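Read the structure below first, then the notes.
If you're wondering where the values come from, they're calculated on a predicted model, not measured in any experiment.
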Amino acid sequence: MEIVGLNRDKKRALCLFAGLLAFFLGLLAAGGVGVYNDSEQYITMHIHREPLYPLYLAAFRAVLGEGYLMAAMAGQGILTAVGITALSEYLTRRFGLRMWEELTVVALQLLPHLITRYVSALGIFLENSVMSEGLCIPLFTIFVYFLLRMLFEGKVRDAVSALLFAYLLSMTRGQMMTTILLWALLLGIRLVAHKKYRPLFLCASTVLLVFLLRDLTVHVYNYGVTGYFMGNTYGQVNTLTNVIYACDEEDREVFEEGDLEQAFFDSFYSKAMERKLNHVYAGDSFGERAAYLEEHHDLLKFQILEAQLSAYYFGLGEVDYYEQSSMSDEMAGKMIKKLLPACFGQWLYDYILLCRGGFVRSIAVVHPLINFVALFLYLSAIGLLLWQTLVKKRFQAAVVMGTALLFIAANVCATSITIMCLSRYMIYGFSLFYIAFYLLVREVCENKLFWKNQGGKT
């Protein structure tokens, strides 16, 4: 039946959105709401969690009362359908994709949701789950949509919209602060490429202001929830975990004899060695050492560092949870500054191992054979990008791939500093990478076909 008043592109977009909506809401109806270990922290607005997702849940709770989680999950599904539709339609128009090609782009964006359910150890549909990824994934898709519009069309409104969604992403997951830096880097490259140097200072100033705004927003939110004007805690304890893992006994000498920091180190280190939570037990191969660290990070963090720090500070008396959490983070920060230079070589080695796993999980799953496939795909992507830009002087698909590779690198490197690169932390770049790869291959093939039709003549 004809949809009156809509042109062909709008009808196609509407049909695509309807199909995606049926897909996500159908999964929700079939599987219900997923509540997991981290879910309670978002529901209770825990001090460790960034503000946006707890506020998202609170808004549904305030309006609907009991049963609000089903509506909140439906909201995540609707927002995901909006993001996929917007990005797919834009790429279709920009690159002149045929119907089956647009459906391929859509399918590539659905894959992360299926992978986290059927392939990864997580085993859940993210959009049906009370986890920040359920909101972060669609926000990231919309961010990419505006970011590509900014790069291709150079409109101020697209730049502002992309920055707004980068800010929202940073308020959903701390690791996504990298999107603010990615926005600045890509906008700066575009300005330099078009020989517009004066706006560079404005770009840098804007990024600084957005980071300050984010910090202020987190403090105000936590003050409203807890009564303490403070940032999110626990990031330093996360980072200290991998530092302690990399330490040897002689590293205690960086502390003054008999001070509290040395006492904490001695306790952490002895307990870690008792339970084999140290790099010396990790095995020989890269894969064994990476897997060992990933498997034991949480044990070291929760059962040794957090347990002993909280026990000590609670033992002081008249200290509530928020004060204890802040004190623990402050102590962790002090210890990192002194310990990291002493164990930097081993820490850097472990960090590279975590990054290695993160790069693989960004586009595949970790497996001895698949790891080489992932390396081949990365090298192929970089090779095609350089060929198209430096030799063929064709930039459209290369812009998409460059964006994908820069984001993956930033996400992996930032996440590996504080924690291991689980699939649900790395999944954001998956679809963008394969979409960009397809666009690059398509561009190369079309170029060859053009010259074949021309008989190789210039």
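Classification of the Y42-Y53 ring pair by plane angle, with boundaries at 30° and 60°, yields perpendicular. Taking the six-membered ring where tryptophan is involved, the planes of Y223 and F229 are perpendicular, since the angle between them exceeds 60° and thus also 30°.
Aromatic ring centroids of F125 and F24 lie 6.0 Å or more apart. Under the 6.0 Å cut-off for aromatic ring centres, Y434 and F430 qualify, their centroids lying closer than that. Note: Y245 and H296 fail the aromatic proximity criterion, with ring centroids not under 6.0 Å apart. Residues F140 and F407 bring their aromatic ring centres within 6.0 Å.
A donor-acceptor distance shorter than 3.5 angstrom exists from the side chain of S39 to the backbone of V130, with no hydrogens or angles considered. Here the side chain of R173 pairs no donor or acceptor atom with the backbone of C136 at under 3.5 angstrom.
Side-chain contact of Q175 with N411: a donor-acceptor pair under 3.5 Å is present, judged by distance alone. Q396 and E443 share no side-chain donor-acceptor pair at under 3.5 Å.
Contact annotation: the side chain of Q76 never approaches that of M131 to less than 4.5 Å [non-hydrogen atoms, C-beta and beyond]. Using a 4.5 Å heavy-atom threshold, the side chains of I370 and V366 count as separate. Side-chain contact between I137 and P112: absent, with no pair of heavy atoms (C-beta onward) separated by less than 4.5 Å. Residues N371 and L375 are not in side-chain contact: their nearest non-hydrogen atoms beyond the backbone lie 4.5 Å or more apart. The side-chain heavy atoms of L16 and I84, taken from C-beta on, include no pair separated by under 4.5 Å.
Scanning all heavy atoms of the two residues, the minimum distance from Y378 to S362 falls at OH-CB, 3.7 Å.
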- request: Start with the C-alpha distance between Q109 and T141, add both sets of side-chain angles, then the distance that settles side-chain hydrogen bond (donor to acceptor under 3.5 Å, both in side chains), and finish with yes or no.
  value: CA-CA 9 Å; Q109 292 177 82; T141 304; 4.8 Å; no
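Salt bridge status for R442 with E101: present, with a side-chain N to carboxylate O gap under 4.0 Å. Ion pair K338/E261 flagged as a salt bridge, since at least one NZ, NE, NH1 or NH2 atom sits closer than 4.0 Å to an Asp/Glu carboxylate oxygen.
Atom CG in N222 sits 10.5 Å away from atom OG in S326 (nearest 0.5 Å).
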